[in-house]
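Structure record follows, encoded as structure tokens.
Basis for what follows: all heavy atoms, side chains included, without hydrogens, waters or symmetry-related copies.
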Amino acid sequence: PKILSKIDYITAHFPTLKIHIDGGVNHINASVLRDKKADVLVSGSFILASQDYSEQVIKLLGKNFFRPVSEVMHKQFPTVTLTADVKQIASNINQGKLGCVCVEDDHQNFQGLITDGDLRRKLIASSNLQGILAKDIMMSKPYRERLNTSLIKVLRDIDLHGFKFSVIPILDQSSQKVVGVLSLPD
């Protein structure tokens, strides 16, 4: 359809522009539009065409949002210890390609998170990087979730609390061990 070629054109020529699709969005084309990286889908007529609005929304979202985060998280992710220096942190962030590192203690228990933004802010604020360690940069209480949490719950929490981040550490169901990282851009 024409709309798909228009989306391709816009993303190729204006990559930072947010794409909103308003009109004609239904349960059949919503997944295609999401795959094409449309940012916002407006689907009032489709939702209101039924007495069961929640069922219509589920059809639009797809059942993927009701899957546990364990099925969609990155199982390979970078880590550092509390005493890692700035160079090691930057190297691990770069190699991990997720824009973050999880900080663990000597027993591999989750202690915090460092994003590339946290590292940049510390570099800008510090005149001397000597002696700066992961424990000095990390967010010690970032939003995190457990392995069996549904993706829809995570998205609702983010929306409800107005969180602004792109990665979420996923902890084992019964311990403080990181078992994955959920990357929201994915």
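In this structure, S175 contributes its side chain and K177 its backbone to a donor-acceptor pair below 3.5 Å. In this structure a side-chain-to-backbone donor-acceptor pair under 3.5 Å is missing from S91 to K87. Here the side chain of T115 pairs a donor or acceptor atom with the backbone of D118 at under 3.5 angstrom. Between the N92 side chain and the I89 main chain, no donor and acceptor come within less than 3.5 Å of each other. In this structure a side-chain-to-backbone donor-acceptor pair under 3.5 Å is missing from D157 to V154. Remark: the backbone N or O of L147 is paired with a side-chain donor or acceptor of Q173 at under 3.5 angstrom.
Side chains of S183 and H74 form a contact here, defined as non-hydrogen atoms less than 4.5 Å apart. Within the 4.5 Å cutoff, side-chain heavy atoms of L119 are placed close to those of V86. For the pair V69 and N148, the minimum side-chain heavy-atom distance is 4.5 Å or more. You'll find the side chain of I170 stays beyond 4.5 Å of the side chain of R144, heavy atoms only.
Heavy-atom neighbours of H107 NE2 from other residues, nucleotides or ligands within 6.0 Å: at or below the threshold of 12. D52 CG: more than 12 foreign heavy atoms inside a 6.0 Å radius. For NZ of K75, the number of neighbouring non-hydrogen atoms (other residues, nucleotides, ligands) closer than 6.0 Å is greater than 12. Around the CD atom of Q130, the shell of radius 6.0 Å holds no more than 12 heavy atoms that belong to other residues, nucleotides or ligands.
Using cut-offs of 30° and 60° on the angle between ring planes, the pair Y143 and F165 is parallel.
Cluster membership check: L133 does not share its hydrophobic cluster with L82, using side-chain heavy-atom separations under 4.5 Å among Ile, Leu, Val, Met, Phe, Trp and Tyr. Taken together through direct or relayed side-chain contacts under 4.5 Å among Ile, Leu, Val, Met, Phe, Trp and Tyr, F14 and I3 form part of one hydrophobic cluster. The same ILVMFWY cluster, assembled from side-chain heavy atoms under 4.5 Å apart, contains both L123 and I137. Connection of V103 to I93 is established within a shared hydrophobic cluster, with ILVMFWY side chains joined at heavy-atom distances below 4.5 Å, either directly or through further cluster members.
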Between V25 and F46, is the side chain to side chain contact (heavy atoms under 4.5 Å, CB included) condition met? List the steps. CA-CA 7 Å; V25 176; F46 177 75; over 6 Å; no

Report the C-alpha distance between V181 and C102 in whole Å, list the side-chain angles of each, state the deciding distance to 0.1 Å, and finish with yes or no for side chain to side chain contact (heavy atoms under 4.5 Å, CB included). CA-CA 9 Å; V181 172; C102 293; 3.9 Å; yes

Given L171 and V178, is the side chain to side chain contact (heavy atoms under 4.5 Å, CB included) satisfied, shown in steps? CA-CA 4 Å; L171 304 184; V178 180; 3.7 Å; yes

Start with the C-alpha distance between F110 and D105, add both sets of side-chain angles, then the distance that settles side chain to side chain contact (heavy atoms under 4.5 Å, CB included), and finish with yes or no. CA-CA 7 Å; F110 178 71; D105 64 17; over 6 Å; no

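Paired with T149 under the rule side-chain hydrogen bond (donor to acceptor under 3.5 Å, both in side chains), one option of R146, E145, K153 passes, and it is E145.
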